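All chains are named by letter (A, B, ...) in the order of the sequence lines, taking the proteins before the strands, and each is independently numbered beginning at 1. Computed from a predicted structure; not experimentally measured.
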2 protein chains.
Amino acid sequence: MKHQEAIIAELLTTAFQDETLRNAYYEAVQQKQFKKGDILLQQGQVCRYSYSILSGVVRGYYIKDGRDITTSFNFADDMVMSLESATRQTPSPETFEVLEDTLVEEISVEKLMVLRERFPVLEKIWTLSAESYAIWLEERLASLQFATAKERYEQLLARYPEIVRKVQLSHIASYLGITLETLSRIRAKG
Amino acid sequence: MKHQEAIIAELLTTAFQDETLRNAYYEAVQQKQFKKGDILLQQGQVCRYSYSILSGVVRGYYIKDGRDITTSFNFADDMVMSLESATRQTPSPETFEVLEDTLVEEISVEKLMVLRERFPVLEKIWTLSAESYAIWLEERLASLQFATAKERYEQLLARYPEIVRKVQLSHIASYLGITLETLSRIRAKG
DNA sequence: GCCGGCATTTGACATATATCAAATAATTAT
DNA sequence: ATAATTATTTGATATATGTCAAATGCCGGC
């Protein structure tokens with residue numbers, strides 16, 4: 001679940017000026033360091049934790065017919081969890097895997113829900129995040145629906161220039177819905 | 001913005017047992033009959049109304065490079081609005097067009113926000129709807145990312161069997177991200 | 001009931017992308 | 001450092017889907 005929105009960041013800053021909230025949050029949260037290859041959530045398991053990335057990169061993907069299909073790349077300030085699995089407590093459709101050493105704040109979904117109920121501003125932030133995530137998905141969908149492979153790659157680069165340095169091509173390719181070879185050729189031509 | 005979720009329907013039923021809420025809602029809302037070809041919201045304009053479909057069909061689409069690209073089909077109980085435009089008051093990326101005589105309840109985005117603030121249960125329903133919409137988009141994205149045209153068509157049919165009777169092929173085709181001719185051939189072969 | 005305009009199907013051909021295979025290049029482990 | 005492993009590039013060919021064009025089918029208005 002990705003969002004990154006100025007207004008959300010702002011609200012968070014404001015919210016954290018409240019000491020009661022801040023204390024409750026840091027009591028619920030646990031800082032954790034993961035390393036390359038670690039799995040935050042496994043496809044098929046119920047999502048019990050949400051991770052807020054402080055630094056590092058996390059990839060979301062699922063395996064379908066033996067193929068590894070990337071659904072998202074997540075960086076600092078992104079919230080990593082399966083929205084579907086966390087809200088419905090159903091098996092997660094996706095796996096989240098750490099791509100490089102990554103520092104996160106971990107919170108259990110249960111405690112997250114309690115905090116949301118207790119602090120309306122957090123509930124507000126949650127709602128805005130869900131909206132923002134939906135809008136992000138809409139954009140991604142439009143890109144996938146009618147842009148060519150080359151256009152999709154350029155759109156991705158424009159939005160996340162750092163991605164190419166950090167993530168291997170096969171993951172970027174499946175994220176774009178193309179094969180690794182096609183992506184390599186697109187890059188070669190420019 | 002689509003959702004259709006059992007839990008949301010249930011919450012709505014419960015919420016409407018509250019007479020105060022019911023009265024406030026029906027004061028804010030206006031029943032309207034639209035006919036084939038009517039436009040509920042035009043791409044480029046700010047979304048000022050939300051429509052709850054009582055009966056009929058509404059198509060969402062956008063024009064890009066002269067092409068007409070369908071983003072959604074909306075039926076009874078769906079909520080029609082541009083989430084992005086309504087929440088941010090920015091120009092709508094999509095147009096909503098009535099495909100057959102359609103009865104709706106219209107409410108201004110402004111009044112909707114007021115109702116959300118006044119009745120926490122409506123705020124709750126809004127949040128669940130946004131989550132549900134995001135999850136629906138995730139599924140659609142996965143379908144577009146790696147299924148073949150034929151598979152995508154079959155998935156659509158499985159989910160909305162009535163669609164083929166009500167909507168012309170060119171719209172279904174662009175919804176699936178393929179051309180009308182390709183869709184016609186898929187149907188011919190079965 | 002007939003005409004005119006859309007919607008759909010069908011055909012021939014073009015193109016983007018996939019697949020399979022091999023050759024380099026870059027990382028990682030020893 | 002060197003070998004081993006993994007990632008990327010490149011090539012030849014196959015395939016799905018797009019494009020353009022024509023034929024057929026369908027429906028609403030006169």
Checklist outcome for this item: The answer to which of A/F146 and A/S184 contacts DNA chain D further toward the 5' end, by nearest nucleotide, is A/S184
Next on the checklist: Quick check on DNA chain D: between A/L180 and B/G177, whose nearest nucleotide comes earlier from the 5' end?
Outcome noted: A/L180
Does the side chain of [X] reach to within under 4.5 Å of the side chain of [Y], using non-hydrogen atoms?
X	Y	value
B/R59	B/D68	yes
B/F75	B/I163	yes
B/Y175	B/L156	yes

Next on the checklist: Classify the ring geometry of B/Y133 against B/W136: parallel below 30°, tilted from 30° to 60°, perpendicular beyond 60°.
Outcome noted: parallel
Separation of atom [atom1] in [X] from atom [atom2] in [N], rounded to whole Å:
X	N	atom1	atom2	result
B/E181	C/dT10	CD	C1'	10 Å
A/R185	C/dT17	CZ	C1'	9 Å
B/I172	C/dT9	CD1	C1'	15 Å
A/L176	C/dA16	CG	C1'	15 Å
A/I186	D/dT9	CD1	C1'	14 Å
A/Q168	D/dT6	CD	P	11 Å
B/K36	C/dC6	NZ	C1'	10 Å
B/L169	C/dT9	CG	C1'	10 Å

Next on the checklist: With nearest nucleotide decided by heavy atoms, which residue, B/V167 or A/L183, maps closer to the 5′ end of DNA chain C?
Outcome noted: B/V167
Checklist entry - Would you say C/dT9 has OP1 or OP2 under 4.0 Å from some side-chain N or O of B/K189? => result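 So the side chain of B/K189 is outside the cut-off, no N or O lying under 4.0 Å from OP1 or OP2 of C/dT9.
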Checklist entry - Quick one: the side chain of B/R187 and the base of C/dT10, do they pair up donor-acceptor inside 3.5 Å? => result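 Donor-acceptor pair under 3.5 Å: no.
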Next on the checklist: From C-beta outward on B/T179, which listed nucleotide comes closest to its side chain: C/dT9, C/dT19, D/dG18?
Outcome noted: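 Per side-chain heavy atoms of B/T179, the pick is D/dG18.
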Next on the checklist: Checking B/S170 against B/Q168: is there a side-chain donor and acceptor pair closer than 3.5 Å?
Outcome noted: yes
